[in-house]
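Data first, discussion second: the structure below is written as C-alpha cells.
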Amino acid sequence: MSRAPGYLKSPTLLLIVVVVAYILGERLAGLMTLDALMLFMYFLGIAAALNIIMGFAGYVSFGHAVFLGIGAYTYILLVYFVPTMNSLQKMGAGLGVFAVAVVAGLAAAAVAATIGAVVLRLRGAFFAIATIGLDFAALYIVKGVVPTLNPEQFYGAQVILPSWAIVPKEDVFNAMLLTFLLVILTNYAVRRSGFGMGLLAIKEDEDAAEVLGVPTAKYKTIAFTLSAFFTGMLGAIFALNGGGVDEGIFHLGHSINMIVMIVIGGLGTVSGPIVGGIIYYWLYDLLLIHYPGLNLVILGIIVGLVVLFAPEGIIGILRKLTFQGVRLRELLE
Amino acid sequence: MVNVILDLKNVTKRFGGLVAVDEVSFSVRRGEILGLIGPNGAGKTTLFNVITGVYKPEGGRVIFKGVDITGMPAHRIAKMGIAKTHQIVKPFNDMTVLENAMIGALFGKRSGKIGMGEAREVARRMVEFVGLGEKANHLASQLTLHEKKLLEIARALSAEPELLLLDEALAGLNPREIEESLGLIKRVNEEMGVTIIMVEHVMHAVMNIAERIVVLHYGRKISEGSPEEVANDPEVITAYLGDPSLALRFVRRRGA
Amino acid sequence: MDVSILAINVVSGLMWGCVLGVAAIGLTLLWGVMKVVNLAHGELLLLGGYAIAWLYVTYGLNPLVGALAALAIGVAAGAAIYWALLHKLVGKVDIITLRIEMSTLLMMFALSIALYNVYSHVTRSEPRGIGLWHVGPTSVVKFGPVAVQMNHLFAAVLALFITIAVHLFLTRTMVGKAIRAVMQDSQAAALVGIDPVKIKMFTAMLAIGVTALSGFLVLLYESSIIPGTAYKYAPLGFVIVVLGGLGSILGSFIGGVIIGVVYGLSKVIVAELYSPMASDPIALSTAFVILVLVLLFKPEGLFGRR
Ligand SMILES: Nc1ncnc2c1ncn2[C@@H]1O[C@H](COP(=O)(O)OP(=O)(O)O)[C@@H](O)[C@H]1O
Ligand SMILES: [Mg+2]
C-alpha cells in the first residue's frame, strides 16, 4: 500500500469531497435549479441510508418507503398541527428544518427499532417479502387513518402545507445538504469501524459471525434503525420541499429506487451507493429526456443486465482490478 | 484437585423425536487436548453447537470456568473464551484472510476493548502462526480447502480463546497436510496454552495427540479414558463395527 | 350491526378470496420449485388481463376464448422468461443459495419495472376492461338477501376449477410428478434421472401460464384494470403464498379464501367501530399484518413443509 500515490490513498474520501464540491459549485454557479440539486442529494442520500442495512449487513429491505413515509408524514403533520414546530422550522437558515427533520427521523427510527427486532429474524427472500408486507400495511393504514384526522382540510391522505407553513427554498436546501453530509459520513464511519466489520461478517455468514462473537441481533437492529433514521429525515425534507405529502410516498417504487442504486453501484462499500446514485440520477434524467415514457423500461432492462452480468456492481468490478500495482480492493471502501 | 475448565452435566439435545445428544457428561481439564470421537451422526457437531450456544439444550448444564453458560447467546459465550472451527468451513468469502481473522479479534475475548489497529496486529500474528502469512491479503474464496481449514483456526485463535473446539479440522486433507495440521494443533496447545477438544474421524491422529478420549454413539457417551483404554473397550469396538471402514482402521490400530 | 351487510361482505370476500388464491398459484410454484420470488407477478397477471381485453375490444373475441389465449401467451412468456432471465442464475445449480435467491428476486424485479412501464406507456395508464360483458343471461344472482354479481360468482367457480386442474396436473401427470419431486428435493430428483433444467422450465411455463390465465378472473372481478392493479394483487399474492405454505396449491387456494373473508369481515368491523371512510384500506392492511405474523410464528405456513 505504500506504493499508492498520494491522491489514491483514499479514493472514497476523494469521491465524497468531489461530490460535495460539485454540489456547492452548482449551488454557487446557479446552473442547476435548487430542486434538481436537492433531488440529486436526496437520491444519493437514500441510497446511502439503505446501504447501512442492505449494503453492509446484506438485508435487502423493500420496506424503506415506510420510513420515508413516516418521516414525511411526521414532519408535515408536526408543522401543521404544532405551532412551536412550525416556528422552529423557520429558524436558523435551515437549521430549524434540520431539527424538525431529526424529530421526524427519530419517529422512523423508533418504528424501525420496534419492528426490526422481530422482522430481522427472517432471512433472504422472507425478509424481503416481510418488508414488502410492512410497506403495504403502512400504506393502507395511512390511507385509512390520515383522512380522518382533518376531513375538511385534507384531500384523502394528502396533506398540503398551507402558506403559513412554507419555508424558503434556500433553507430547505441547507437542511438537505446537512443531512446528506451526515448520512454519507456515517456510512464512512460505519465502514471503518468494528461495528461495520461485524455487519459485513453478518452479510457473509450470519451463523459463523454469531459464533465468532458478533452480537448479530443487536447489530442488525442498530443498522436497521440507523438506516431508517436517515431515510426518515430525507423523506421529511423531500416532502417539505414538495410542499406536502400523500400516500404515494409509501409507493414500493421509492424502496426500489434505493435498491437499484445500490445494486448498480455495488454492495458493501461506501462508494457503491454514491456511484450508483450518480449513475441512476443521470440515467434517469437522460432517459427521461430522450425516451419519455420508456425511460423506466430501459432502466429495468439495465438493472436486469447488471444482475446477470455484473452482480457485484460497478465498485465490485473495480475492486477486482489492480492499478499501478495496487489492488483496488484495499483502497476502495 | 485438577483444574476443570469445562464441565458438561447430563446435556441433552433433541431435534423433534431424534435425540442427537443424550445425557452426556464429562469434564475437560485446563491445558489438555481431549479427543471426541464417534461414528457419523453420533452427535459430536451437535454437542459442539450446544457448548458454543448455537443450540439451547433441552436438558443438562454446561459449566465453563465455573460459570453456568447453558442457553447463553452464542456471541456472549464467544466473549467468555470459547472458539470453534466449523466442520464445513464457513469463511467470509468476500473478505481477505486478514479481515476474516480480524473479525475473530474484534469480537473475541477482548471485544469492545480492542481497537481496529490492535485487532489487525492480533489477526496478523495468528494468520502467520497458522502459516497463511503470505496469503494474508488474498480473498478467502481463493483459498484451497486446506488453507480454508487453517483460516478457520486462525480466525478462532484471533479471538484469544481459552478453549478451542476443532470440528474435524483434519477431514478431507492429505497425509502431509494432516501431519502439518497436527503439528499446528500441538503448538496451539503448548505454546499458547489453549485447551482443545478435537472432534475427529481420522482416528490414528486423535489417538496420537489426545491425552484422553470421549466416545459418543447415537448421542450417548459410551466410553471415556486414555487412548489405550478406549481402543480396547468392547463397547467402542462394537459401536464402530456398524461402520466397517472405521472398524477396520480401529483393528489395525489395536494390532499396531 | 346489520346481519345482511355482514353476510354480503363475507360472501363477496369469499369470492374475491377464491380469485386471490388462484392468482397466487403461479407465485407459489416458482418460489417452491426454484426459489424464484416473482416480483413481476402482478405484471404477468395483467399480461393475461390486457390480452383478453385487447382481443375483446379490437376483434370482439369472446373473453372466454380470450382466456385460453391468455393461458397460451402466459405459457410462452414463461418459457421466454426462463431462458432469458432465470436459466443463467438457477438452471445448473442444485442448491439455490441466498445469494442466487436475491439475484433472481432482483431480476424479476427488473422485469416488473420494465413491464409496468410498458403497460403505462401503451395504455397511458387509462383503464382497460371488458366493459359490460358478462357471463350469463342475468348479471345478478340472488341468494336470499345477498345479491351476487354473476361475473364474480363465475370467477369464483372458475377459480375452484383451475385449482383442481392444476392439482390434478401436479399429481397425475409425469411432468407434474417430476415438478413435485424437484420441489421436495432437487438433488434426489436429479439422481433418479429427472432433468432439473427441463423441470424448471416447465415450472416457469406452468406458473406463468396459470398467472396469465388468472388475469381473466381479475378482469371479471375488477371492472377494469390499470398498471397499478399489479400493486394490489402481487403483494396480496405474497401474503397468500406465505400463509398457505410455499409450493402448496391447496394452501394457496385456502390462503386466498382466508384473506378474502378476513378482508370482508374487517371492512364491516372497521366501518362500524372506527370510520366507514377508513374501512377499505384498513381492511386491506389486515392481510399484511397477517403476513408478518405468519412469517414470525408459523413460517412454514398452513400447508407447507419447513
Ligand atoms: N439442525 C438439525 N436438525 C435436525 N437434525 C439434526 C440437526 N443437526 C444434526 N441433526 C441430526 O442429529 C444427529 C447428530 O448429528 P451431528 O451432530 O452432525 O453428528 P456428527 O457430528 O457426530 O456426525 C444426526 O442424526 C443428524 O442428522
Ligand atoms: Mg459432525
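In what follows, every heavy atom counts, from backbone to side chain, and hydrogens, waters and symmetry copies are set aside. Note that the structure is predicted; figures quoted are calculated from it, not measured. Proteins get letters first, then strands, A, B, ... in listed order; numbering begins at 1 in each.
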>> Please classify the contact between A:Ala128 and chain C as side chain, backbone, both or neither, with a heavy-atom cut-off of under 4.5 Å.
In response: side chain
>> Between A:Leu308 and chain C, with a heavy-atom cut-off of 4.5 Å, which part of the residue counts as in contact: side chain, backbone, both or neither?
In response: both
> Which heavy-atom pair separates A:Gly304 from C:Ala110 by the least distance, and what is that distance?
Replying inline: N-CB, 3.6 Å
>> Let's test your reading of the structure: which of A:Phe136, A:Phe127, A:Phe126, A:Tyr140 forms the most heavy-atom pairs below 4.5 Å with chain C?
In response: A:Tyr140
>> Can you tell me which of C:Ser103, C:Ser120, C:Pro235, C:Ala283 forms the most heavy-atom pairs within a distance under 4.5 Å of chain A?
In response: C:Pro235
>> Heavy-atom cut-off 4.5 Å, strictly under: side chain, backbone, both or neither for A:Val263 against chain C?
In response: side chain
>> Using a 4.5 angstrom heavy-atom cutoff, name the option from A:Ala138, A:Ala130, A:Ala125 with the most pairs to chain C.
In response: A:Ala125
> Between atom CG of C:Leu106 and atom CD1 of A:Ile256, what is the distance when rounded to the nearest 0.5 Å?
Replying inline: 10.0 Å
>> Can you tell me how the ring of C:Phe109 sits relative to the ring of A:Phe62, calling it parallel under 30°, perpendicular over 60° and tilted otherwise?
In response: perpendicular
> How far apart are the closest heavy atoms of C:Ser285 and A:Ala137, and which atoms are they?
Replying inline: CB-O, 3.7 Å
> Can you check whether C:Ile282 reaches A:Val145 side chain to side chain, under 4.5 Å on heavy atoms?
Replying inline: yes
> What distance separates C:Leu27 CG from A:Ile129 CD1, expressed to the nearest 0.5 Å?
Replying inline: 7.5 Å
>> Is C:Leu115 in contact with chain A via its backbone, its side chain, both, or neither, using a 4.5 Å heavy-atom distance?
In response: neither
> chain A contacts: which residues in residues 287-297 of chain C have a non-hydrogen atom closer than 4.5 Å to it?
Replying inline: C:Phe288, C:Leu291, C:Val292, C:Leu295, C:Leu296
> So what's closer than 4.5 Å to chain A heavy atoms on C:Ala84: side chain, backbone, both or neither?
Replying inline: backbone
> In terms of heavy-atom contacts, does CH2 of C:Trp83 have more than 12 from other residues, nucleotides or ligands at under 6.0 Å?
Replying inline: yes
